[in-house]
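Working notes for the structure below.
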Amino acid sequence: MFYAQENYIREKIRSKKKISAAWAQAGSNITAEILAEAGFDAIVIDLEHGAGDVPVLISQIQAMKGLNAVPIVRAPWNDFVQIKRILDAGAMGLLVPYVNTKEEAERVVQSSHYPQDGIRGVAGSARAAHYGNGSMRYLSTANKEVFLMVAIETGTGVGNLEQIVNVDGIDGIFIGPNDLASDLGYLCDPSQPEVQQTIKRIEEIVIPSDKILATVSSSFEDAQAKFDRGYDMLMLMSDTTSLSKTARELINRFQALYM
């Protein structure tokens, strides 16, 4: 049985359980394997800002095979060809950036579903469909198992959010705080009161809906506060920035004592 035939994230959602996630941004099968071995519910492989491409993505998902962590991929863009290739590689979830309208959210759903629910091209030869070895196991279940999340990163997206959350097939809303802050005029500074008020507005719309709410966390204490506020999924760390932070803290301590 293909390791991700049933999407573990969906069971967590049905059970109203919190979801732990980590960014895989280094384009490395080794760090993806490390994060999956650690026990995260989801590894979000980043093809928007990360270093990988589709062949690297395949190696990252292969490194997670046999583990519970669900491979979710942040797509480079809301493009049906790229989405098709990502799903064919074996991703069991998508995070699509910069979704601003109901129509754009509907495009995500269409691109991610086989006919007649969507326009995703059908290929039994792809990795996701087991290279032709019992392809119908995947093809017959993919439409209901693939998890879809869209990123709200602009004031326009927030303004259209009440329509976006009503799009059938979208499972979750992801807040991109740095992009949102920058779009509102505060470059990479989500601490600004206007940004915080906008994030609160997103929370007020999404938390009572049937969609899950996700974002990043800066610390475990920050994650606890957000989970308590009603968030369902949080990016708790990254294979790049978390390593960078640990290295920086260690070298600062070293230099304070020995330089």
Side-chain angles (χ1 to χ4, degrees), residues 4 7-10 12-13 19 21 23-24 42-50 52-54 57 61 70-123 126 128-129 138-139 141-177 179-180 183 202 205-207 209-216 231-233 235:
N7 194 329
Y8 173 65
I9 294 298
R10 292 205 172 280
K12 296 276 285 190
I13 294 171
I19 300 166
W23 290 113
I43 309 302
V44 184
I45 300 169
D46 190 359
L47 296 190
E48 182 189 17
H49 297 295
D53 54 17
V54 171
L57 169 64
I61 298 176
V70 173
I72 297 174
V73 177
R74 178 157 70 174
W77 197 246
N78 189 2
D79 176 83
F80 81 97
V81 174
Q82 295 184 52
I83 287 172
K84 174 175 58 180
R85 297 196 70 203
I86 288 167
L87 293 177
D88 280 355
M92 287 301 294
L94 278 172
L95 168 56
V96 178
Y98 207 77
V99 170
N100 292 312
T101 66
K102 175 185 176 182
E103 292 73 24
E104 290 175 2
E106 289 172 339
R107 189 185 312 155
V108 173
V109 177
Q110 286 284 301
S111 300
S112 306
H113 286 77
Y114 291 125
Q116 295 181 337
D117 297 329
I119 61 170
R120 179 183 173 189
V122 181
Y138 175 80
L139 298 175
T141 61
N143 282 4
K144 68 176 182 179
E145 292 296 337
V146 172
F147 171 83
L148 300 179
M149 188 160 53
V150 298
I152 299 298
E153 303 177 290
T154 68
T156 301
V158 178
N160 292 319
L161 185 55
E162 289 179 302
Q163 292 181 314
I164 293 170
V165 296
N166 287 318
V167 173
D168 290 337
I170 296 298
D171 299 295
I173 302 296
F174 176 85
I175 302 173
D179 281 299
L180 181 59
D183 182 73
I202 298 173
I205 295 171
V206 179
I207 291 172
S209 76
D210 63 350
K211 312 302 184 188
I212 74 163
L213 182 59
T215 192
V216 297
Y231 284 77
D232 303 282
M233 175 190 289
M235 311 301 173

Task: Shortest non-hydrogen contact from A214 toward M149 - done: CB-SD, 3.7 Å
- [ ] Looking only at non-hydrogen atoms, find the nearest pair between A129 and A123 and report the distance.
- [x] CB-O, 3.7 Å
Task: Main-chain N/O of N100 paired to T156 side chain as donor or acceptor, under 3.5 Å - done: no
Open item on the list: So F174 and V216, do their side chains get closer than 4.5 Å, heavy atoms only?
Closed with: yes
- [ ] Grab the two heavy atoms, one from G157 and one from I164, that are nearest each other, plus how far apart they are.
- [x] O-CD1, 4.0 Å
Task: Close side-chain approach of Y8 to M92, heavy-atom, < 4.5 Å - done: no
Task: Separation of I45 CD1 from I86 CD1 (nearest 0.5 Å) - done: 10.0 Å
- [ ] Answer yes or no: is there a side-chain heavy-atom contact under 4.5 Å between I19 and I13?
- [x] yes
TODO: Under the side chain to side chain contact (heavy atoms under 4.5 Å, CB included) rule, collect the residues that match up with A126, sequence neighbours excluded.
DONE: D88
Open item on the list: Looking at every non-hydrogen atom in both residues, tell me the closest pair between V73 and A91 and how far apart they are.
Closed with: CG2-CB, 3.6 Å
Open item on the list: If you compare all heavy atoms of P76 against all heavy atoms of P97, which two are closest, and at what distance to 0.1 Å?
Closed with: O-CG, 3.8 Å
Task: Nearest heavy atoms of V167 and A105, plus distance in Å - done: CG2-CB, 4.0 Å
- [ ] Drop me the distance from D171's CG to N7's CG, to the nearest 0.5 angstrom.
- [x] 8.5 Å
Open item on the list: With heavy-atom distances below 4.5 Å as the criterion, would you say the side chains of V96 and L148 are in contact?
Closed with: no
Open item on the list: Strictly by salt bridge (charged side-chain N to carboxylate O under 4.0 Å, His left out), give each pair with a member in residues 91-119 just once, sequence neighbours left out.
Closed with: none
- [ ] Could you grab the distance from atom CG of N166 to atom CG of L161, nearest 0.5 Å is fine?
- [x] 9.5 Å
Task: Heavy-atom side-chain contact between H49 and W23 under 4.5 Å - done: no
Open item on the list: With a 4.5 Å cut-off on side-chain heavy atoms, are I170 and V109 touching?
Closed with: yes
Open item on the list: How long is the straight-line distance from CG of L95 back to CG of L47, given to the nearest 0.5 Å?
Closed with: 10.5 Å
Task: ring-ring contact (aromatic ring centres under 6.0 Å, His included) partners for Y98, two or more places apart - done: W77
Open item on the list: Is it the case that over 12 heavy atoms from other parts of the model lie below 6.0 angstrom from the CZ atom of R10?
Closed with: yes
Open item on the list: Please identify which of these residues, V150, I72, L87, meets the side chain to side chain contact (heavy atoms under 4.5 Å, CB included) condition with L94.
Closed with: L87
- [ ] Measure the spacing between CG of L180 and OG1 of T154 and express it to the nearest 0.5 Å.
- [x] 7.5 Å
Open item on the list: Is it true that, when you exclude Y114 itself, more than 12 heavy atoms of the residues, nucleotides or ligands shown sit nearer than 6.0 Å to its OH?
Closed with: yes
- [ ] First locate atom NZ of K12, then atom CD1 of I212, and finally report the distance between them rounded to the nearest 0.5 Å.
- [x] 11.0 Å
